[in-house]
Amino acid sequence: MLDRVLVKRSPDFSMRPLEQSFFARPTEMVARQLLGQWLIRQSEDGLTAGVIVETEAYGGPEDLASHARAGRTRRTQPMYGDVGHAYVYLVYGMHECLNVVAYDDARAGAGAVLLRALEPVAGVELMRRRRGRATDPHARLCAGPARLCQAMEVDRSFGAHDLTARERLWLAAPPEQAGPVEIATGPRIGVDYSGEWAARPWRFWIPGHPSVSRR
DNA sequence: CGAATGATACCCT
DNA sequence: GGGTATCATTCGG
């Protein structure tokens, strides 16, 4: 079951990024379909990449678990902006989190998908260096939204960065379309304050995958 | 299990 | 313009 999901092949980095239209759909649909896609980072130090194995959908102002609930502020501006662009924020005063802006304009005026975990597939040693801890098991290098940002060297300077351009940081479909990926759903993490919104099953992950943040 | 750590939003002046 | 409660987490004891 896992073999179908784990990527054993070297990535072909000439592949086309996901198009902007991919992100112009209901946010939770995009969150589902991002599972199995690639996140690729080209930095001066080298190339790192991973397969997305865990996401969460955050809606517009009506979603009390979403940063967009604050309206259009300087911080949340990207959530209301171009789909397919990045929204990066700081939590707990120390951790960066990477989101892709995604929403269906006819239905919602804002939204983003939080990338919570990757299976590392390229540049693993560089990831380890960036993380600064030699003891991280391979599968745990990007297991969590802040670890992901650390290993991929993503910070708030990527705010509003276009993730559909093949430049520095982008999203792409796998070289060959893998078979249908089994998807588990559940409530989003750490949003208990949001009343009935906390119960929505807007967290998506590949069941049993060793790189998912919570087993 | 709980401390670390600081930007953000929001409610005051 | 200033004070402060609130965090979409992680790591070490």
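In this text the structure is predicted, and so the values were computed from the model without any measurement. Naming convention: chains lettered A, B, ... in sequence-line order (proteins, then strands); numbering from 1 in each chain.
Of the candidate nucleotides B:dT8, C:dA8, C:dT9, C:dA8 has the atom nearest to the side chain of A:Tyr87. Among the nucleotides C:dT9, B:dT5, B:dA9, the one closest to the side chain of A:Ala70 is B:dA9. Minimum atom distance to the side chain of A:Thr76 is reached by B:dA9, of the listed C:dT10, B:dA9, C:dC11. Of the candidate nucleotides C:dA8, C:dG12, B:dA7, B:dA7 has the atom nearest to the side chain of A:Arg156. The side chain of A:Met94 sits closest to B:dT5 out of C:dT10, C:dG12, B:dT5.
Contact annotation for A:Arg214: no contact, since no heavy-atom pair falls under 4.0 Å across all strands. Backbone-only contact: A:Leu90 has heavy atoms under 4.0 Å from sugar-phosphate atoms and none from a base. Within 4.0 Å of A:Thr73, counting heavy atoms only, lie sugar-phosphate atoms of the nucleic acid but no base atom. Residue contacts for A:Arg188: at a heavy-atom cut-off of 4.0 Å it reaches no nucleic acid atom on any strand shown.
Close to C:dT10, at under 4.0 Å from its OP1 or OP2, lies no side-chain N or O of A:Arg140. Residue A:His67 places at least one side-chain N or O under 4.0 Å from the OP1 or OP2 atom of C:dA8. One finds no side-chain N or O of A:Arg74 lying less than 4.0 angstrom from the OP1 or OP2 phosphate oxygen of B:dT8. For C:dA8, the OP1/OP2 oxygens have no side-chain nitrogen or oxygen of A:Arg203 closer than 4.0 Å. In this model, the phosphate group of C:dC7 is not approached by any side-chain N or O of A:Arg75 to a distance below 4.0 Å at OP1 or OP2.
Look at CD on A:Gln77: it is 14 Å from P on B:dT8, rounded to the nearest Å. The separation between A:Leu64 atom CG and B:dA9 atom C1' is 15 Å, rounded to whole Å. Regarding A:Gln150, its CD atom lies at a distance of 14 Å from the P atom of B:dT5, rounded to whole Å. The nearest whole Å value for the distance from the NE2 atom in A:His95 to the C1' atom in B:dA3 is 11 Å. For A:Asp63 and C:dA8, the CG to P distance is 11 Å, given to the nearest whole Å.
With hydrogens and angles disregarded, no donor-acceptor distance shorter than 3.5 Å links the side chain of A:His85 to the backbone of A:Leu163. Using modelled atom types, one side-chain atom of A:Gln20 and one backbone atom of A:Val83 make a donor-acceptor pair closer than 3.5 Å. Looking at A:Arg128, its side chain never comes within 3.5 Å of a backbone N or O of A:Val124 through a donor-acceptor pair.
Position along DNA chain C of the nearest nucleotide to A:Asp136 versus A:Tyr58 favours A:Tyr58 as the more 5'-ward residue.
Inter-residue side-chain proximity for A:Met79 and A:Ser66 is flagged as met; some heavy-atom pair is nearer than 4.5 Å. Counting heavy atoms from C-beta on, the side chains of A:Val154 and A:Leu169 come closer than 4.5 Å.
DNA chain C contains the following stems of three or more consecutive Watson-Crick or G-U pairs, with both distances under 3.5 Å: B:1-4 with C:9-12, B:6-12 with C:1-7.
Under the side-chain hydrogen bond (donor to acceptor under 3.5 Å, both in side chains) rule, A:Thr48 has a single partner from A:Glu125, A:Gln42, A:Glu153, A:Arg130, which is A:Arg130. Considering A:Tyr87, A:Tyr58, A:Tyr89 as possible partners of A:His67, the one that fulfils the side-chain hydrogen bond (donor to acceptor under 3.5 Å, both in side chains) test is A:Tyr87.
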N/O contacts under 3.5 Å, protein versus nucleotides 4-6 of chain C?
none

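The cationic atom of A:Arg200 (NZ for Lys, CZ for Arg) lies less than 6.0 Å from the six-membered ring centre of A:Trp197 and within 45° of the ring axis. A cation-pi contact, defined as under 6.0 Å to the ring centre and within 45° of the axis, is absent between A:Arg107 and A:Tyr103. The cationic group of A:Arg203 lies under 6.0 Å from the six-membered ring centre of A:Trp205 and within 45° of the ring axis, placing it in a cation-pi geometry.
The aromatic ring of A:Tyr92 does not sit over the base of B:dA4, since the test of centres under 5.5 Å and planes under 30° is not met.
The base of B:dA7 is not paired with the side chain of A:Tyr89 by any donor and acceptor separated by under 3.5 Å.
Here A:Leu115 contributes atom CG and A:Cys97 contributes atom SG; the two are 10.0 Å apart, rounded to the nearest 0.5 Å.
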